[in-house]
Asks: 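To start, I am sharing the structure in question, which I have written as C-alpha cells.
The analysis underlying the following values was restricted to heavy atoms, covering all of them including side chains, and did not include hydrogens, waters or symmetry mates. Throughout, a chain's letter reflects where its sequence line sits, starting with A, and its residues are numbered from 1.
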Protein chains: 2
Amino acid sequence: MTDARRTDTRAQIREVALELFAERGYDGTSLREIAERLGISKAAVYYHYKTKEEIVGALFDDFLAGVDEIVEWAHEKGPGPETRAEVLRRYQDLLTGPSAAQVARLMQEGQSSLRDVAAAKDMKTRFFAMGRAVTAPDASAAEQLRMRLAVIALHLGAFMDQESLPVSDEERRTAALEVALELART
Amino acid sequence: MTDARRTDTRAQIREVALELFAERGYDGTSLREIAERLGISKAAVYYHYKTKEEIVGALFDDFLAGVDEIVEWAHEKGPGPETRAEVLRRYQDLLTGPSAAQVARLMQEGQSSLRDVAAAKDMKTRFFAMGRAVTAPDASAAEQLRMRLAVIALHLGAFMDQESLPVSDEERRTAALEVALELART
DNA sequence: GTCTATAGCTTGATAGAC
DNA sequence: GTCTATCAAGCTATAGAC
C-alpha cells in the first residue's frame with residue numbers, strides 16, 4: 001500500500017488542534033499556532049475548516065456520539081444504583097479511547113471559553129440527560145451532586161497529570177473508577 | 001460621613017473584573033469591557049492596575065490568604081479523617097465569603113487560560129499543600145482523589161447554577177458539604 | 001484620577017495566484 | 001491543496017493633556 005503515509009491534513013489539523021486546545025484552552029490557542037506546528041499556513045487550515053469553531057465541533061462529534069449511546073442505554077434500563085454503576089463503567093471505557101481524554105479535559109475546564117461554541121452546549125445537554133437518566137426524578141440534591149462528581153472523578157482519572165497525582169496511568173484510572181462507583185452506590 | 005458613597009475606583013475595578021472573569025473567563029474578558037461597564041476609559045483602569053494580570057492577582061490574594069490559614073491549621077493538627085472534615089468545613093466557610101465563590105469558579109475552570117498567570121500557580125501550590133496536609137504520606141491514589149473531589153464538591157456547591165442543580169443556594173451548599181464529608185471519611 | 005489618542009501587535013478570516 | 005498578501009477588528013499597554 002502506497003498510502004501507508006496517508007494521514008491527510010484534515011486529520012492532522014484535528015489532531016494538533018485537540019492537543020493544543022486541551023493544553024492551552026480554546027481561546028488560548030490561535031490558528032496560527034496550529035498551522036505553524038503542522039508546517040502549513042493559516043490559509044491552508046481554512047481550506048479544510050471554514051471556522052475555528054468548526055474544528056472544535058468536529059473534535060466533539062465522535063465523543064458526543066459515544067455519550068449518546070450511553071444515555072440511550074441508561075434510558076432503557078431506567079434509573080437506579082446499578083444503572084449508575086454501569087453508566088460510569090461505560091463512560092470510562094469511552095474515556096479510554098485514543099483522544100477522548102483530551103476532549104474531556106477541554107470540556108471540563110472550558111465552560112467559559114467555549115461559552116458560545118454550539119457543540120459545547122450540545123455536550124452540556126447530553127450530560128444533563130445522562131444525569132437525569134440514572135437518578136430518580138425526585139432525587140435529592142446530594143444524590144445528583146454525587147453523580148456529577150462521579151463523572152468528574154473519571155475525568156480526573158483520565159487526564160490528571162503525574163504531578164497532581166503521582167501514580168501510573170493505570171493505577172489512576174482504577175482509583176477513579178473505584179471512587180466513582182462509591183459515589184454512585186447511594 | 002460624606003463618604004458613604006466612598007467606593008473608590010480601584011475596588012470597583014476588582015469587583016467588575018471578578019464578575020466578568022468568573023462569567024466569561026480570563027481570556028474572554030477584555031479591559032475595554034471592564035472599563036465600559038464602569039463608565040471609565042481603559043487608560044483609567046491602567047492607572048490603578050499596571051497589567052491585566054495584576055488585577056487577577058489582586059483578586060486571588062484575599063482568597064489565597066484564607067487558604068493559607070486553613071493549611072497552616074491542618075499542618076498543626078496532622079493528617080487524618082477528622083482533620084479532613086474540619087478542613088472542608090473551614091474551606092466552605094471561606095467559600096461563603098462575599099466574592100469567594102466567584103474566585104473559586106474562576107480557579108476551577110481556568111487552569112488553561114490562567115496558565116501563565118503567576119497567582120494561579122501559587123493557588124495550585126496551596127491546594128497541593130492542603131491535600132498533603134490532610135492525607136497520610138502513603139495515602140492511596142483513591143484517598144487522594146477523594147480529597148480532591150471533596151474540594152470540587154464544595155466549589156460546585158458554591159457556584160453551580162440553578163439550571164444545573166435546581167435547588168436553593170442554601171440547600172445546594174448543604175448537600176455539597178454532606179457529600180464532601182462523605183468523601184473525607186475514608 | 002481620568003481623559004483622548006495612538007502605538008504596536010495578534011487575531012480570525014478572505015482573495016486570488018499557483 | 002497550499003501559498004502570499006491583506007483585511008478589519010480586537011487586544012494590551014503607553015504618552016501626554018487636563
Asks: Provide, to the nearest angstrom, the distance between the CD atom belonging to E36(B) and the C1' atom belonging to dC11(D).
Replies: 14 Å

Asks: Counting heavy atoms not belonging to E54(A), are there more than 12 under 6.0 Å from its CD?
Replies: yes

Asks: For E23(A), I'd like to know if atom CD has over 12 heavy atoms of other residues, nucleotides or ligands within 6.0 Å.
Replies: yes

Asks: Given E36(A) and K42(A), is the salt bridge (Lys or Arg N to Asp or Glu O under 4.0 Å) satisfied, shown in steps?
Replies: CA-CA 8 Å; E36(A) 219 161 56; K42(A) 269 195 297 175; over 6 Å; no

Asks: Contacts to DNA chain C from residues 18-32 of chain B, heavy-atom cutoff under 4.0 Å, which residues?
Replies: none

Asks: With the sugar-phosphate defined as primed atoms, P, OP1 and OP2, and the base as all remaining atoms, what B/S/- string results for nucleotides 3-9 of chain C, 5' to 3', for protein heavy atoms under 4.0 Å?
Replies: BB-----

Asks: Write down the atom of R14(B), the atom of A58(B), and the distance for their closest heavy-atom approach.
Replies: CD-CB, 4.0 Å

Asks: If you take any heavy atom closer than 4.0 Å to DNA chain D, which residues from residues 46-58 of chain B end up in contact?
Replies: Y46(B), T51(B), K52(B)

Asks: Is the closest side-chain heavy-atom distance between D122(A) and F60(A) below 4.5 Å?
Replies: no

Asks: Can you tell me if K121(A) uses its side chain to pair, donor with acceptor, with the backbone of L114(A) under 3.5 Å?
Replies: no

Asks: If I take atom CD1 in residue I34(A) and atom P in nucleotide dT10(C), what distance separates them, rounded to the nearest angstrom?
Replies: 17 Å

Asks: Among pairs that include at least one residue of residues 77-96 of chain A, which meet salt bridge (Lys or Arg N to Asp or Glu O under 4.0 Å), considering only residues two or more places apart or in two chains?
Replies: E86(A)-R89(A), E86(A)-R90(A)

Asks: Looking at every non-hydrogen atom in both residues, tell me the closest pair between A158(A) and A101(A) and how far apart they are.
Replies: O-CB, 3.8 Å

Asks: Take the protein atom CD of E33(A) and the nucleotide atom P of dA13(C), then report the distance between them rounded to whole Å.
Replies: 15 Å

Asks: Show me the donor-acceptor pairs, under 3.5 Å and distance only, between side chains in residues 144-156 of chain B and residues at least two apart or in other chains.
Replies:
unit_1: Q144(B); atom_1: NE2; unit_2: A139(B); atom_2: O; d: 3.2
unit_1: R146(B); atom_1: NE; unit_2: E182(A); atom_2: OE1; d: 2.9
unit_1: R146(B); atom_1: NH2; unit_2: E178(A); atom_2: OE2; d: 3.4
unit_1: R146(B); atom_1: NH2; unit_2: E182(A); atom_2: OE2; d: 2.7
unit_1: H155(B); atom_1: ND1; unit_2: Q108(B); atom_2: OE1; d: 2.6
unit_1: H155(B); atom_1: NE2; unit_2: Y91(B); atom_2: OH; d: 2.5

Asks: Got a sec, which hydrophobics cluster with F128(A), joining ILVMFWY side chains under 4.5 Å apart, including via others?
Replies: none

